[in-house]
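Taking it in order: structure first as structure tokens, then the write-up.
We name chains A, B, ... by the order of the sequence lines, and we start the count at 1 in each one.
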Amino acid sequence: MTFQTHDARILEVKELTPREKLFTLRFVDPEINRNFKYKPGQFVIVDIRGFGEFPISLCSTPTREGYFQLCVRRVGRMTKYMQELKEGDIVGIRGPYGNGFPMEKMEGSTLILVAGGLGMAPLRSVLWYALDTGKYENIYLFYGTKAYEDILFREEVIHLLKHGEDMKCHVKLAYEVESPSCIYLEKGYSPRVCKGVVTDLFRGENFDVENTYALICGPPVMYKFVIKELLDRKLSPGRIYMTLERRMRCGVGKCGHCIVGTSTSIKYVCKDGPVFTYWDALSTRGLI
Amino acid sequence: MRYVKLSQENFEEFFNSLKRWGKLYAPVKKGNIYSFQHVENSSEIAFDYTRTMLPLKKFFVKPRDEMLKLKGGKWEESNGAEPIILFGVHSCDIHGLEILDKVYLAEPVDPYYKRRRENSIIIGISCMPDEYCFCKSLGTDFAMHGFDLFLHELPDGWLVRVGSVKGHEIAWENEELFENVTEEDFHHFREFEEKRANSVKRSLNKEGLADILDLAFDSPVWKKYERICLGCGNCNMVCPTCRCYEVCDLWVNAYEAVRVRRYDSCFMETHGLVAGGHNFRATRLDRFRHRYYCKNYFDPESGFNCVGCGRCDEFCPAKIEHVKVLDEVREGLQ
Ligand SMILES: Cc1cc2nc3c(=O)[nH]c(=O)nc-3n(C[C@H](O)[C@H](O)[C@H](O)COP(=O)(O)OP(=O)(O)OC[C@H]3O[C@@H](n4cnc5c(N)ncnc54)[C@H](O)[C@@H]3O)c2cc1C
Ligand code: SF4
Ligand code: SF4
Ligand code: FES
């Protein structure tokens, strides 16, 4: 049924930062688990029964089967309940929803992933998918974070900072709040690690615009600035993908919350998105 | 379409026979407003009503609607749908319901809506417009489908259009109550329709409306209305095509909970609020404008999201007039 969720067991809970936890889950019914296929950029609706539902991006990659992962930031009631759950607990899951990134279309190209804060969660799915399949020319990750303590998937990011080049994965990190750990990283990996905002990471970078796609996810203010950097380098609006957030209740185009646009173009972020191109943004006001 | 005639003498018997098909609801006068209510007797019905305050959506997407029941840690589907007959529905409301159908019956199908829709019979009735109606300009003043039977007033009874298989079944079972339609009846029918068409006073200029509104994003007219509008959301509640809903879980006792949805309104500040306190429609200006954009979005398949029923005007405490706002925005552009 449309709004029925399926039991999923929490296999592991990992604290990523004081605000974010990573949940590894598996459907209790092996059949459902086998049939659960998703694309990077899609999301699920998590159901804490008797308390409510909320949308969360899949941050694991479909190339690794048998489990899936959600990175949840504590911001309010539902996410607080979620963070109190322990290994072995059950939640309901429905989905996957949304369109996801066009991974197949982008094969053979260079990917520039631009993440701000929690935007790292859906892009991690793309990152691991690209690394696992090896079907992409080069992978750049431009990651803007507040402070060292806020770096999501810190070990993974630092590992790729150190060893990514061998996998044609180039990581760049911008932080805003200085700390000994940041200065240590900056010393080791300058100029790939610097103080500043995510757009500072574009400095000096040029790419083959014919063979590059940019994928963006971050707080609402970030999009305009990042898109400007990309357009300055002549990347076509059709090669700029962004994943957006809106208030969502149903996830399937019924509840009306995620509607954006005007009288000439209306889009549902939940089913027409959450991944849109910059062309979409140009024709649908209010998208970014 | 099949046409039959129901004479006034036979109306009562026809009406009572409908009860066999389900629970009957019809427009009833309640104080200053009309409302679809359960009726037993045709004498309770306000045949000459203009519009009910709440449209038909209240039967299919209820103001407070139980979706799932939590028992022993498992969700169970809530409630079946009882068969109902909605008698005396105006053409604009039939169009409104078809717009809701497009949303709720699209994949994935909303199971609650679908079940109720399948268990309902719609019997339309002709009407005379009042000063708020602008259905004619939207082409919703006449229904070609979306009903089972449609009753058109004649001097001595009703001309009945049969619009569905269920409608045929009802007509079949009541065969002895119907007669053939005569030339004279057709003449009266045409006369009534002409009179009706000529009494629609208000009209909406649709010409290029979608683009004009889009271009007028920064129009001072929105700003003017931002100050007048109370942000109460009444216009959303009474609109036959507004359908935003919120969902929440409520505990019945320590072991049982229910998941309910209830009407939401894009005039509420929380409608576009997301984590981090960011609001995608933070001001009343944003919200007021959004409603007009949503209602006047033109879908090539189903037209505008407004059927010109005039409810938002009649029930707006600030006396804001839908067509007037749109006309002013259009003029502001010149
Ligand atoms: C497609 C999509 C993907 C998302 N992915 C992630 C993710 O990977 N990790 C993550 O931590 N968060 C993600 N979110 C945000 C997450 O859904 C909200 O943080 C969560 O719903 C807040 O619920 P709450 O009950 O804890 O907060 P509340 O107590 O309800 O409110 C806290 C804040 O969250 C906002 N909010 C409430 N409900 C929603 C909702 N349904 N959608 C958006 N905002 C809401 C409120 O307006 C308020 O500002 C995603 C949202 C969307 C739409
Ligand atoms: S916008 Fe107003 S006139 Fe149009 S359908 Fe809704 S309530 Fe009726
Ligand atoms: S009913 Fe009138 S006052 Fe209330 S929100 Fe709608 S336009 Fe504003
Ligand atoms: S989340 Fe309900 S319509 Fe998009």
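For CD of Glu207(B), the number of neighbouring non-hydrogen atoms (other residues, nucleotides, ligands) closer than 6.0 Å is 12 at most. In the displayed structure, Lys224(A) atom NZ is contacted under 6.0 Å by at most 12 heavy atoms of other residues, nucleotides or ligands. Atom NZ of Lys58(B) has more than 12 neighbouring heavy atoms from other residues, nucleotides or ligands inside a 6.0 Å radius. The 12-atom threshold is not exceeded at NZ of Lys228(A), counting heavy atoms of other residues, nucleotides or ligands nearer than 6.0 Å. Within 6.0 Å of the CZ atom in Arg285(A), the count of heavy atoms belonging to other residues, nucleotides or ligands exceeds 12.
Under the salt bridge (charged side-chain N to carboxylate O under 4.0 Å, His left out) criterion, the residue pairs touching residues 273-288 of chain B are Asp286(B)-Arg289(B), with sequence neighbours excluded.
Of the listed residues Asn305(B), Leu209(B), Asp264(B), Asp299(B), the one with more heavy-atom pairs under 4.5 angstrom with chain A than any other is Asp264(B). The residue among Gly253(A), Pro220(A), Gly76(A) with the most heavy atom pairs within less than 4.5 Å of chain B is Pro220(A). Here Phe280(B) is the residue among Phe280(B), Tyr112(B), Phe304(B) with the most heavy-atom pairs under 4.5 Å with chain A.
For residues 241-262 of chain B, heavy-atom neighbours of chain A at less than 4.5 Å comprise Arg243(B), Cys244(B), Tyr245(B), Glu246(B), Val247(B), Asp249(B), Trp251(B), Ala257(B), Arg259(B), Arg261(B), sorted by residue number. Of residues 268-276 of chain B, those residues with a non-hydrogen atom less than 4.5 Å from any non-hydrogen atom of chain A are, in numerical order, Thr270(B), His271(B), Leu273(B), Val274(B), Ala275(B).
For the atom pair Thr2(A) OG1 and Met67(B) CE, the distance stands at 8.5 Å (nearest 0.5 Å). Rounding to the nearest 0.5 Å places NZ of Lys267(A) at 7.0 Å from OH of Tyr297(B).
Residues Glu77(B) and Gln4(A) form a side-chain contact, since some pair of their non-hydrogen atoms from C-beta on lies under 4.5 Å apart.
Using a 4.5 Å cut-off between heavy atoms, Ile90(A) does not touch chain B at all. For Arg49(A), the parts sitting under 4.5 Å from any heavy atom of chain B are the backbone and the side chain alike. Contacts between Tyr97(A) and chain B at a heavy-atom distance below 4.5 Å are absent for every atom of the residue. The part of Ser265(A) that comes within reach of chain B is its backbone (N, CA, C, O), which places non-hydrogen atoms under 4.5 angstrom from that chain.
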Show which side-chain atoms of residues 212-220 of chain B pair as donor or acceptor with protein atoms under 3.5 Å away, not counting sequence neighbours.
{"from": "Asp214(B)", "atom 1": "OD1", "to": "Thr262(A)", "atom 2": "OG1", "distance (Å)": "3.0"}
{"from": "Asp214(B)", "atom 1": "OD2", "to": "Thr264(A)", "atom 2": "OG1", "distance (Å)": "2.5"}
{"from": "Ser219(B)", "atom 1": "OG", "to": "Val221(B)", "atom 2": "N", "distance (Å)": "3.0"}

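Residues Asp110(B) and Phe3(A) share a closest heavy-atom pair of OD2-CE1, 3.4 Å.
A donor-acceptor pair under 3.5 Å is formed between the side chain of Ser263(A) and the backbone N or O of Ala210(B). Not one N or O on the side chain of Lys254(A) forms a donor-acceptor pair closer than 3.5 Å with the backbone of Val109(B).
A salt bridge links Lys74(B) with Asp7(A); the closest basic N to acidic carboxylate O contact falls under 4.0 Å.
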